[in-house]
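Keep in mind that the numbers below use all heavy atoms, side chains included, and drop hydrogens, waters and symmetry copies. Everything quoted here is computed from the prediction, not taken from an experiment. Chain A is the first sequence line, chain B the second, and so forth, proteins listed ahead of strands; every chain is numbered from 1.
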2 protein chains.
Amino acid sequence: MTQRRRGEELEQAILDATWEEFGEVGFAKLTIEGVARRAGTSKPVIYRRWPSMLELMVDCATSRMPTVDSIPETGALREDTIAVLKLLRERMVMIGPAAMHGMLSLVSLDPEALRVLVTRFISHVLSLMDTVVDRAAARGELDPTPLTERLRRLPIDLARNEFLITGRVEDEAIDAIVDEVFLPALQGSGAFATE
Amino acid sequence: MTQRRRGEELEQAILDATWEEFGEVGFAKLTIEGVARRAGTSKPVIYRRWPSMLELMVDCATSRMPTVDSIPETGALREDTIAVLKLLRERMVMIGPAAMHGMLSLVSLDPEALRVLVTRFISHVLSLMDTVVDRAAARGELDPTPLTERLRRLPIDLARNEFLITGRVEDEAIDAIVDEVFLPALQGSGAFATE
DNA sequence: GTCATCAAGATACGGACCGTATCTTGCGGA
DNA sequence: TCCGCAAGATACGGTCCGTATCTTGATGAC
């Protein structure tokens, strides 16, 4: 019996073990017992902190998620948008399609849990996208007036959908989303008034 | 011991039981044992036919899925598209978000299984959407030349994404997808050349 | 420094379900 | 009529669930 861990230290060790176990056996085979074993602790210790695998996994994934304060400004809406989508892809790939579906599945019945999940995982990227659009507006590249919420998050919705269905997002897909859909949609909405 | 069922009849009874059990306990708690119990048969009988819950559920859902040969032509691309999205919604609601995520999750590792799932569940709606676009082209409502695959399936991708994330697709969402995104994107792509 | 308290950790429980193997028994075809 | 096959019943070892119980180490109050 080694040094007995408590509080923050113990909690972190469990989150670490969860992440390792997740990487090794995948989300489908992730189990509380397995995590406890790997963390060198026991089930009750985990259950005392997290009511179920869902909350544990959400906390675990959240703590691992790279967040970025701001996208480097490239000076063009197109490139900025692509940068946001690549960050989004990076985040999704870390979690993997199975775990994303797993979390969404567990959460799809419970509106409150859904809200938490959205806040933790989606809001960040959405706000980056907002920044990108606002910047373009500030540069005079586009007129934000006709831009609805839905239009702003269009590239993110499409990239996420791509990942959820196919399990990947190729560079070509990102380009296509921006060039074949997003920019034309802005164009057709009259956002590029000066052109 | 009642009459012993065989072959097609037995198979159908199992699919029926699966659907009933699914409706009652939900996808998360769906079990082979439960289905066998409800169908009045036993696990080996099911395992002889389906290697796992995934295949069983896919077959079950497929057999219940309303397929429509063609969308009634309204004479306008906008209304036709909305009709396709409402059919898609109907299909997704039948399955429910949890089961959709469940199936996608189970399938996300196996490219071949993914292909099967896509063929069974997605292709149908995609081809309806294609028909709708082709019709609009035939009416001279739009020029299909600049329409990429991605642009054609744009409304479907967005509606599916909406459902996967929020678990529902309101009428307003459908309208917004068509009016704020799809039609402007066609516009911006130069598909409405004559306007 | 001592000691009361509280949580860590170990262990065990009943229960559900997995996927498979074995056996019998009813049904259908030759 | 009888043979063969699959339906159905049963049981198996196994894993994991979520909880209860108990011991023991660490911490913090005094």
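A/R150 has a carboxylate O that lies under 4.0 Å from a charged side-chain N of B/E162, or vice versa, which qualifies the two as a salt bridge. The existence of a salt bridge linking B/R139 and B/D134 is excluded, since no basic side-chain nitrogen approaches an acidic carboxylate oxygen closer than 4.0 Å. A salt bridge does not link B/D110 with B/R115: every distance from a Lys NZ or Arg NE/NH1/NH2 to an Asp or Glu carboxylate oxygen is 4.0 Å or more. Contact check on B/R152 versus B/D157 returns no salt bridge, with no Lys/Arg side-chain nitrogen under 4.0 Å from an Asp/Glu carboxylate oxygen. The residues A/E149 and A/R153 are annotated as salt-bridged, a charged nitrogen and a carboxylate oxygen being separated by less than 4.0 angstrom. Ion pair A/R78/A/D179 flagged as a salt bridge, since at least one NZ, NE, NH1 or NH2 atom sits closer than 4.0 Å to an Asp/Glu carboxylate oxygen.
Within a heavy-atom distance below 4.0 Å of DNA chain C, the residues of residues 10-27 of chain A found are A/L10. Taken residue by residue, residues 49-58 of chain B places heavy atoms nearer than 4.0 Å to DNA chain D at B/R49.
Of the candidate nucleotides C/dT20, C/dG9, D/dG18, C/dT20 has the atom nearest to the side chain of B/Y47. Checked against C/dT11, C/dA21, C/dC18, the side chain of B/T31 finds its nearest nucleotide in C/dC18.
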Name every donor-acceptor pair, under 3.5 Å, that has one atom in a side chain of residues 26-34 of chain A and the other anywhere in the protein, sequence neighbours excluded.
{"from": "A/T31", "atom 1": "OG1", "to": "A/E33", "atom 2": "N", "distance (Å)": "3.0"}
{"from": "A/T31", "atom 1": "OG1", "to": "A/G34", "atom 2": "N", "distance (Å)": "3.2"}
{"from": "A/E33", "atom 1": "OE2", "to": "A/K43", "atom 2": "NZ", "distance (Å)": "3.0"}

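For the pair A/I32 CD1 and D/dG18 P, the interatomic distance rounds to 7 Å; values are reported in whole Å. Protein atom NZ of A/K43 is 8 Å distant from nucleotide atom C1' of D/dT19, rounded to whole Å. Distance, B/I46 CD1 to C/dC17 P: 13 Å, rounded to whole Å. Between B/R48 atom CZ and C/dG19 atom C1' the separation is 13 Å, expressed in whole Å. When rounded to the nearest whole Å, the span between CZ of A/R37 and P of C/dG9 equals 16 Å. Following rounding to the nearest Å, B/E8 (CD) and C/dG28 (P) show an atom-to-atom distance of 15 Å. Residue B/K29 contributes atom NZ, which lies 13 Å from atom C1' of D/dC17 at whole-angstrom precision. The separation between A/E9 atom CD and C/dA7 atom P is 17 Å, rounded to whole Å.
Donor-acceptor pairing under 3.5 Å is recorded for the side chains of B/E55 and B/S52.
Dashed line: the shortest gap from a side-chain N or O of A/S42 to OP1 or OP2 of C/dA8 is not under 4.0 Å. A close approach under 4.0 Å does not occur between any side-chain nitrogen or oxygen of B/T41 and OP1 or OP2 of D/dA7.
With respect to A/E20, the salt bridge (Lys or Arg N to Asp or Glu O under 4.0 Å) criterion is satisfied by exactly one of A/R37, A/R64, A/R38: A/R38.
Summary of the strand contacts: A/E33 and A/V45 both lie near DNA chain C, and taking for each the nucleotide with the nearest heavy atom, the more 5' one is attributed to A/V45.
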